[in-house]
Amino acid sequence: MLLQRIFRAVIMGPPGSGKGTVSGRIVKSFGLMHLSSGDLLRANIKAKTELGLLMKSCIDQGQLVPDDVISRLILTEMRNIDQSSWLLDGFPRTVSQAESLDNVYSVDTVINLDVPYQTIKQRLTSRWLHLPSGRVYNIDFNPPKIAGLDDVTGEPLIQRHDDTPETVTRRLKAYENQTQPVLEYYRCRRKPEPYKLSKKRNVLSLLTAFIFSKLKYLHMLYEHNM
Ligand code: G5P
Ligand code: MG
C-alpha cells in the first residue's frame, strides 16, 4: 500500500528491540524511505571516512556520539529524501536531537518498541548483520537461508563489535538516561485532535461543543437542585 501524502515517522526503542527489523517490514509495506543513524555511522566506519574514524571508539564502547555530529549527518542525509515519506530509525536519541529535527520537519508518528532487557540481551548475542544493506538476521528468529551469508547478495554476514554483553549493558544505560526522555518529549507535544479538522467541520465541532456544554450545564443545575 503506497501512501497518498508525505508521511514522516520515527521508530524508537532500546538497542536490539527490533527497530531495524520492524522498519524493514514497514518500509516494504508502505513504500517509505528508511534512514538508520546506526547504519549510516557504520557505513562511515567501513569507508574509513574522517567522521567514521572519529566516531568508531565511541560506538564500540556503547556511548552515544555527540549530538551536533549526528544531527548534522542525519539532517544532511535527509535532504536527499526530502520529497518522500520516511521512517527514521535510531534518530533522534536525545532531546537535543529531537529539537534539531523539529526545527526542520514535523513528525506525524512516533512508534515505540517496548521489549524487556533480558529478551534484548538474548537477541543481540545471536544477531548477524549484512553491513552494506543493514539487513538483520538472527540465528533463532529469522536465520539466513545459508548460514553466515546474506539472502539477497550471498555476501558474508558479520557480528557487530558493540554486541558484546558489557557493551550491550552500557548501551541500555545510555538508552535509559538519554533516550527515554525523548519519549516524554513526544508525549508532551501531542496535538489535540480538533486542530486536524477542516474549516467547515470546525464550525460544526464548535457548535456541537457549545450545545454539549449547555446540556452539561443544565444537567449540573438539575443535579444541584435535586
Ligand atoms: P544503532 O545501530 O541505532 P541500537 O543500539 O539502537 O543501534 P540496534 O542494536 O540496531 O539498535 P535494533 O535495530 O533495535 O537494534 O534491533 P534489530 O537489529 O532489528 O533486532 C535485534 C535482533 O533481534 C536481531 O537479531 C533480530 O533478528 C532480532 N529480532 C527482531 N525482532 C524480533 C522479534 O520480534 N522476535 C525475536 N525473537 N527476535 C527479533 O546504533 C549503534 C550505535 O551508533 C551510535 C551509538 O553509539 C549507538 O550505540 N548512534 C548514535 N549516537 C548518538 N545519537 C544517535 N542518534 C545515534 N544513532 C546511532
Ligand atoms: Mg538497528
Side-chain angles (χ1 to χ4, degrees), residues 10-28 34-46 51-52 54-78 87-101 110-131 133-144 147-148 150-151 157-183 185:
V10 164
I11 186 161
M12 297 187 60
S17 54
K19 298 183 294 294
T21 306
V22 174
S23 295
R25 293 175 188 186
I26 294 177
V27 298
K28 208 166 153 197
H34 176 215
L35 190 57
S36 152
S37 52
D39 286 351
L40 205 56
L41 288 167
R42 281 183 289 277
N44 271 275
I45 294 174
K46 186 163 187 275
L51 183 133
L54 275 171
M55 296 305 129
K56 186 178 182 323
S57 65
C58 220
I59 295 169
D60 286 350
Q61 285 167 33
Q63 293 163 354
L64 295 188
V65 307
D67 284 335
D68 56 331
V69 174
I70 191 74
S71 295
R72 214 174 319 123
L73 182 70
I74 288 281
L75 292 173
T76 307
E77 196 66 24
M78 285 173 76
L87 176 62
L88 281 185
D89 158 4
F91 183 91
R93 233 179 175 93
T94 63
V95 171
S96 157
Q97 292 175 23
E99 286 168 348
S100 308
L101 180 64
V110 177
I111 302 163
N112 179 38
L113 303 180
D114 189 3
V115 179
Y117 285 6
Q118 199 45 45
T119 311
I120 283 173
K121 286 182 177 171
Q122 284 161 6
R123 283 183 187 181
L124 288 185
T125 48
S126 48
R127 165 164 70 179
W128 287 83
L129 175 72
H130 179 242
L131 192 52
S133 69
R135 269 186 291 280
V136 180
Y137 299 88
N138 188 287
I139 302 168
D140 312 308
F141 171 63
N142 61 334
D150 177 46
D151 287 351
L157 302 175
I158 57 143
Q159 281 204 290
R160 276 171 46 175
H161 294 300
D162 58 349
D163 276 352
T164 60
E166 310 78 61
T167 316
V168 169
T169 305
R170 249 181 266 140
R171 284 160 64 199
L172 290 171
K173 268 269 159 286
Y175 170 79
E176 266 174 24
N177 297 335
Q178 290 159 280
T179 309
Q180 269 181 341
V182 181
L183 289 174
Y185 171 87

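Position 1 is the first residue of the sequence, and the numbers go up from there. Start at 1 and go down the list; that is how both ligands and their atoms are numbered. Everything numeric here is computed off the predicted structure, so don't read it as measured data.
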Which of the atoms in ligand 1, numbered in the order shown and given with their element, are less than 4.0 Å from a heavy-atom of [X]?
| X | answer |
| --- | --- |
| V136 | 18 (O), 24 (C), 25 (O), 26 (C), 27 (O) |
| R42 | 2 (O), 41 (C) |
| Q97 | 52 (C), 53 (N), 54 (C), 55 (N) |
| Y137 | 24 (C), 25 (O), 27 (O) |
| I70 | 53 (N), 54 (C), 55 (N) |

May I ask you to check if ligand 1 and [X] share an N or O to N or O distance below 3.5 Å?
| X | value |
| --- | --- |
| G62 | no |
| G90 | yes |
| D163 | no |

Run the contact test for M55 against ligand 1 with a 4.0 Å cut-off on heavy atoms, strictly below, and give the result.
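The answer is no, since M55 has no heavy atom less than 4.0 Å from ligand 1.
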
Do me a favour and list the nearest non-hydrogen protein atom to [atom] with residue, atom name and distance?
| atom | answer |
| --- | --- |
| atom 29 (N) of ligand 1 | F141 CD2, 3.5 Å |
| atom 40 (O) of ligand 1 | R93 NH2, 3.3 Å |
| atom 28 (C) of ligand 1 | N138 ND2, 3.7 Å |
| atom 5 (O) of ligand 1 | R171 NH2, 2.7 Å |
| atom 51 (N) of ligand 1 | V65 N, 3.1 Å |
| atom 42 (C) of ligand 1 | I59 CG2, 3.9 Å |
| atom 18 (O) of ligand 1 | R127 NH1, 2.6 Å |
| atom 16 (O) of ligand 1 | G18 N, 3.1 Å |

Report yes if the side chains of K121 and L172 come closer than 4.5 Å at any heavy-atom pair, otherwise no.
yes

Is the shortest heavy-atom distance from the side chain of R93 to the side chain of M12 under 4.5 Å?
no

Please tell me whether T167 and D162 have a donor and an acceptor in their side chains that are separated by less than 3.5 angstrom.
no

Can you confirm whether the side chains of Y117 and E176 place a donor and an acceptor under 3.5 Å from each other?
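Yes.
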
Between CE on residue M55 and CG on residue N44, distance to nearest 0.5 Å:
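If I round to the nearest 0.5 Å, the distance is 9.5 Å.
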
Roughly how far, to the nearest 0.5 Å, is CG of N138 from CH2 of W128?
11.5 Å

When you measure from the side chain of [X] to the backbone N and O of [Y], does any donor-acceptor pair fall under 3.5 Å?
| X | Y | value |
| --- | --- | --- |
| K19 | G13 | yes |
| S71 | D68 | no |
| Y137 | D151 | yes |
| T76 | R72 | yes |
| S37 | G90 | yes |
| D163 | Q159 | no |

Which residue in the set D39, D150, T21 passes side chain to side chain donor-acceptor pair (under 3.5 Å) when paired with R135?
D150

Between [options], which one has a non-hydrogen atom sitting closest to [atom]?
| atom | options | value |
| --- | --- | --- |
| atom 49 (N) of ligand 1 | L41, T21, I45 | L41 |
| atom 27 (O) of ligand 1 | L129, N142, D67 | N142 |
| atom 35 (N) of ligand 1 | M12, Q63, R123 | R123 |
| atom 57 (N) of ligand 1 | S37, S126, G13, G20 | S37 |
| atom 7 (O) of ligand 1 | Q61, R160, K19 | R160 |

Answer with side chain, backbone, both or neither: which part of W128 has a heavy atom less than 4.0 angstrom from an atom of ligand 1?
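The answer is neither; W128 stays 4.0 Å or more away.
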
Picking from L51, L73, L54, L41, what satisfies side-chain contact (heavy atoms from CB on, under 4.5 Å) with V65?
L41

